[in-house]
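First the structure, in the form of structure tokens, and then the observations on it.
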Amino acid sequence: MPSVLRVALPVPLPTLFDYLPPAAGEAQAGSRVLVPFGRGKAVGVVVETDVESTLGGARLKRVLRLLDEAPLLDAELMKTLAWAADYWLGAPGEAYANALPLALREDKPLPDTHEEVWALTVAGRSALDAGSRKGGSRRLLETLAAAPLGAGELHERLPDWRAAARRLATAGLIERVRRAADTAPQPAVAPPALSPEQQAAVEAVSAELGRFQPFLLDGVTGSGKTEVYLALIEQVIAQGKQALLLVPEIGLAPQTVRRVRERLGVPVEVLHSNLAEGDRARAWLRARDGEARVILGTRSAVFTPLPRAGLIVVDEEHDGAYKQQEGFRYHARDLALLRGRALGVPVLLGSATPSLESLANVDAGRYRALHLRARPGAIRPPQVQIVDMRAQRLEHGLSPTLLSAVADTIARGEQALVFRNRRGYAPVLLCHQCGWHAECPRCEHPLTLHAGRRQLICHHCDYHTRLPEHCPSCGAPDLKPQGQGTERLEEALSARFPDVPVLRIDRETTRRRDAFDELLERLRGDGPAILVGTQMLAKGHDLPNLTLVAIVGVDEGLHSVDFRASERLAQLIVQVAGRAGRASKPGRVILQTHHPEHPLLRQLLAQGYAAAAKELLAERQAVQLPPYMHQVLLRADAHQREHVDAFLREARGALEPAAQAELGIAGPMPAPMPLRAGRHRGQLLVEAGSRAVLHAALRPWARGLSALPSARRVRWSLDVDPVDLY
Ligand code: ADP
Ligand code: ZN
Ligand code: ZN
């Protein structure tokens, strides 16, 4: 048997591939290789060397070229990725591909890791002196005249700089140059004196530096969690080590980035989905070289190499954005813990509303809990009031209590936030003559009316169609929007309060890259204003003049079929409510509902999130749901329902009889949304009280699924610890 290399290729197959070693060079585990694959070529990662191939020598192909003399992925990452692929039952090749920035998955030389900055050319300086440019171009010229800056820094200072940069570069007024090595980062801003609780949290974690230990830092918004992270990161830097700070996408507002940069006084790499691929690859390589000391990033930054790791922090650990919902379906928080273990460093999870999973881990003694109970500004927690909508005359869904609270708030010169987690004008368009309502032909779900665009849009598949003038069924002109989305609330509030700015913040108004930051920047001023928005507003920005939060239309969350809906609703309410009265002014929260007696709402308001979460955990335990039960969901979809059913039946039959006896199996059954974008969807839910039992049974099964004859007629995926059942 020939000795071969075992290579991971970026394909959704449950196997690694054997190749003969390259003609030149010594391949090592973690190096990339270019190999012949199918009719073309592919870049893969060597997982093992010197293995005995089970294939005959004649069928083996040879590696075309070794791309890395030294491994690109270090031993820790290779080991963690192998675990991760095994744990999430993913295709190993996709796990390795996820770990590499796109630009490093190609057959190209590694980019130079020195950062590029924009600088004025000679012509640019003359143009600035001559004052020949106006507006955004002028601002960019002025900014760069002070100092050359990289893309990230420009993004923080001039959110709309890109268009101006393109114009000025085309005109030869600015250019990209390599940043001089001695460009010192901004000076550090002195930290505040920590409160005793913050101090205790910092000491607890710092006593474990150099060892794996998970912590859960539980503290309301504004309680000073970020200061705890920063104090620990400072210690880690002082020891010459690296820190990784993960945040949900929304947490990466320029405000946060600036705060971290100013405080730490060392280069901070920022990794997020809007970064150009070249920049991402350079940042990744600087981390790998140990040059990047602090890495601040969203989900996929969890794969950053950390040869000198000191600490991993996951902020807002409960956030659903940490779960990847396609391809390799990992959870970045859980992967951060795997990495912490492999690297031997503490992992600090922070949240104002910890996930039930993390709370259960605290109960089980696996995580240590740290609490921040006081807000440093020493302001009272906001006063919360439930408004019973049943007995009220509503105006576009808004109660008189709510409207008068908004009126009082703006009369005091303060800002109010009306939270509604639904975009568009109205979720349903109904004919009052015949009862017809607009429905997506591809999903059989109501279409949302978007009045400004005069369209009906499906929020599940993006299908859109023009707003009809007459009922397509009976021809009556009586089409009536039912219910309220943010667009309708914006209209109603603007009409009612014509003298104050009403700003809507949702995916529609913030589609442009920097629109969100610009809108929030306008609100940081002192004037009265009304904000209307979706959960994009639930966290992040500190709005000092925001004193009223009104939450409307959350009742759907009280009756959802998804067992996680109550947990999510509780988190959302607490997070949104936490926006009120953050600075020196007391806050007020109004929760408008048709179910004022609902136990979850009552408990949340009377006793707070911790008590509500405890109750929810007890319920999950009583009915044996996660985190007391472990689940794997097999999803499938196809144009024909019978193909979905046939595959799921065959998949179920493929489970060993012994495994069937040990596991709970539900299905095949239709997905909660049985049709989406014209495809029929179904699922098979497999669960067990023990992870070891579940994985032992599913590992061989998962590997066999793609070989089932019925698998060719469907799209399917496996989801370990699914966060929703859709
Ligand atoms: P969190 O991350 O829990 O939302 P932050 O760390 O952002 O809280 O703190 C909220 C606000 O309080 C920030 O403006 C921060 O600068 C300030 N702050 C935090 N800790 C202290 C402290 N010990 N002394 C003074 N101000 C503090
Ligand atoms: Zn009709
Ligand atoms: Zn649709």
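All ligand and atom numbering here is 1-based and tracks the order in the structure.
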Trace of the side-chain contact (heavy atoms from CB on, under 4.5 Å) decision for Ser560 with Arg568: CA-CA 11 Å; Ser560 168; Arg568 261 189 236 126; over 6 Å; no
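- Here the shortest heavy-atom distance to atom 6 (O) of ligand 1, taken over Gln198, Arg259, Arg263, belongs to Arg259.
- One of the N, O or S atoms belonging to Cys431 lies under 2.8 Å away from the Zn ion (ligand 2).
- Seen from the Zn ion (ligand 3), atom SG on Cys458 and atom SG on Cys461 lie at an angle near 110° (rounded to 10 degrees).
- Counted within 6.0 Å of NZ on Lys323, heavy atoms from surrounding residues, nucleotides or ligands total more than 12; the atom is thus considered enclosed.
- Atom numbering of ligand 1 starts at 1 in the shown order; those under 4.0 Å from a heavy atom of Gly224 are 1 (P), 3 (O), 5 (P), 6 (O), 8 (O), 9 (O), 19 (C).
- Here is the list of ligand 1 atoms found below 4.0 Å of a heavy atom in Val220: 3 (O).
- Pro354 pairs with exactly one of His318, Glu316, Glu317 by the side chain to side chain contact (heavy atoms under 4.5 Å, CB included) rule, that one being Glu317.
- We find that Glu269 and Arg293 are not joined by a salt bridge, their nearest charged nitrogen and carboxylate oxygen being 4.0 Å or further apart.
- Residue-level proximity to ligand 1 for Ala193 is carried by the backbone, the only part with a heavy atom below 4.0 angstrom.
- Just one of Val294, Leu232, Leu311 meets the side chain to side chain contact (heavy atoms under 4.5 Å, CB included) condition when paired with Ile237; it is Val294.
- When non-hydrogen atoms are compared, ligand 1 lies under 4.0 Å from the backbone of Ser223 as well as from its side chain.
- Salt-bridge check for Glu326 with Arg715: failed, with every basic side-chain N at 4.0 Å or more from each acidic carboxylate O.
- Remark: at the Zn ion (ligand 2), atom SG from Cys434 and atom SG from Cys471 enclose 110°, rounded to the nearest 10 degrees.
- Near Ser195, meaning under 4.0 Å from any of its heavy atoms, are these atoms of ligand 1: 23 (N).
- For the Zn ion (ligand 3), the set of nearby N, O or S atoms under 2.8 Å includes one belonging to Cys440.
- A donor-acceptor contact shorter than 3.5 Å is absent between the side chain of Glu487 and the backbone of Arg423.
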